[in-house]
Amino acid sequence: MADNTVAESPSKELMSFAGYLYNPSKSGLRAREGVLNGRRVQFFKGKSAVNALTKAEDGKNPKVSSQEEAIDWVQELLDFQLIVRCDRVGDGSRQLRVNPMQNYEEEAYYAWLYEGSQMFVILGGIGVVAVVLAGVMFPLWPSVLRNGTWYLSMLALGLIGLLFATAIVRLIVYVISLVAAPQGLWIFPNLFEDVGFFESFVPLYGWEVPKDADLSGKAGGPDPSGNAADSGPGVDQKKID
């Protein structure tokens, strides 16, 4: 049971409850996005928070044993201003305003003032400072590190240039193939498709299927021969080497 004695700062246990509710993957509490005093916030209903604390997730015991205990914890979140009770300005509106009555009610809305763990923000800030300092102190680096950085940067630029060159060459080949044959030939037909890195270069080439033939193939249903679907949009799998 939560201790109603007001302390100077939230207890570790209360912060644990706040972190649990703030993370929807753990608690299942789905918050909606609204605007409170010109600031984007996540808000939820009081009964949703109580349900998240009292229900069992993935076979685990609930966070609290009773609804009354869950309400006490939500009230503590209010007392330490980790959440704030608010009202919607109009039906269905995302605009919120603070309610003067900061207490728990099932149908009331509550917005998060708690922003979650700041560990990643702190680590990100430290990382940015470290990168800036490393760049400023580049002339003081050992010659081995400076040479290695130069080679790596040239390698990265070379890979980017190779990608652009490949895109230009495949377009030229496609345009020429349209003149020689009714179907266009694509080199690396999956190069710009939403597939993995290695799948982008498989197959090596493919003939483009006319749209009318592609639509008729889809209308006819699955291939009776059991062949897999084409590997890229408009690419004829049967003519791929």
Using the rule that Ile, Leu, Val, Met, Phe, Trp and Tyr join whenever any side-chain heavy atoms are under 4.5 Å apart, tell me whether [X] and [Y] fall into a single cluster.
X: L185; Y: V179; result: no
X: V89; Y: L36; result: no
X: F80; Y: V50; result: yes
X: V169; Y: Y205; result: yes
X: W207; Y: F201; result: yes

Return the set of residues passing salt bridge (charged side-chain N to carboxylate O under 4.0 Å, His left out) with [X] (not counting sequence neighbours), or none when no residue passes.
X: E107; answer: K45, K47
X: R30; answer: none
X: K26; answer: none
X: E105; answer: R85

Original post:
Mind checking what makes side chain to side chain donor-acceptor pair (under 3.5 Å) contact with D87, not counting sequence neighbours?
Top reply: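 D87 satisfies side chain to side chain donor-acceptor pair (under 3.5 Å) with N99 only.
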
Subject >> For E115, all residues meeting side chain to side chain donor-acceptor pair (under 3.5 Å), sequence neighbours excluded >> reply: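 With neighbours one apart ignored, the set is R39.
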
Show every donor-acceptor pair shorter than 3.5 Å between a side-chain atom in residues 122-136 and any protein atom, with sequence neighbours excluded, or say none if there are none.
none

**OP:** Might you point out which heavy atoms bring T54 and P62 nearest each other, and give the distance in Å?
**Re:**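 Scanning both residues completely, I find the closest heavy atoms to be O-CB, 3.3 Å.
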
**OP:** Work out which heavy atom in P10 is nearest to a heavy atom in M15; give both atom names and the distance.
**Re:**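 Heavy-atom minimum between the residues: CB-SD, 3.6 Å.
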
**OP:** Please list all pairs passing the ring pair (Phe, Tyr, Trp, His ring centres under 6.0 Å) test where one or both residues lie in residues 148-176, with sequence neighbours left out.
**Re:**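 Residue pairs passing ring pair (Phe, Tyr, Trp, His ring centres under 6.0 Å), neighbours aside: Y174-W186.
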
**OP:** Sequence neighbours left out, what pairs pass ring pair (Phe, Tyr, Trp, His ring centres under 6.0 Å) with at least one residue falling in residues 30-56?
**Re:**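 Passing the test, one end in residues 30-56: F43-Y109, F44-W112.
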
Subject >> Donor-acceptor under 3.5 Å (Q75 side chain, Y104 main chain) >> reply: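 Side chain of Q75 to backbone of Y104, a donor-acceptor pair under 3.5 Å: yes, one is there.
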
**OP:** Sort and list the pairs that fulfil salt bridge (Lys or Arg N to Asp or Glu O under 4.0 Å) and have at least one residue in residues 121-147, not counting sequence neighbours.
**Re:**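 For residues 121-147, and leaving out neighbouring residues, there are no salt bridge (Lys or Arg N to Asp or Glu O under 4.0 Å) pairs at all.
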
Original post:
Tell me the salt bridge (Lys or Arg N to Asp or Glu O under 4.0 Å) pairs involving residues 155-178, sequence neighbours left out?
Top reply: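 For residues 155-178: none.
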
Original post:
Out of curiosity, S66 OG to I71 CD1, how far, rounded to the nearest 0.5 Å?
Top reply: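 With rounding to 0.5 Å, OG (S66) is 8.5 Å from CD1 (I71).
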
**OP:** Side-chain contact test, heavy atoms from C-beta onward, threshold under 4.5 Å: evaluate it for N51 versus L29 and give yes or no.
**Re:**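 Counting from C-beta outward, N51 and L29 never come under 4.5 Å.
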
**OP:** State, yes or no, whether a side-chain contact exists between V84 and Y110 at a heavy-atom distance under 4.5 Å.
**Re:**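 When only atoms from C-beta onward are counted, Y110 and V84 do not touch, as no gap falls below 4.5 Å.
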
Original post:
For E199, does the CD atom sit with more than 12 other heavy atoms under 6.0 Å from it, leaving out its own atoms?
Top reply: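 More than 12 heavy atoms, drawn from other residues, nucleotides or ligands, come within 6.0 Å of this atom.
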
**OP:** Verify the neighbour count for atom CE of M154: are there more than 12 heavy atoms of other residues, nucleotides or ligands below 6.0 Å?
**Re:**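 Result for CE/M154: enclosed.
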
Subject >> side-chain contact (heavy atoms from CB on, under 4.5 Å) assessment of R94 paired with E33 >> reply: CA-CA 7 Å; R94 291 188 177 185; E33 189 175 88; 4.2 Å; yes

For residues 16-25, dump all side-chain donor-acceptor pairs below 3.5 Å to protein atoms at least two apart in sequence or in another chain.
from: N23; atom 1: OD1; to: S25; atom 2: N; distance (Å): 3.1
from: N23; atom 1: OD1; to: S25; atom 2: OG; distance (Å): 2.5

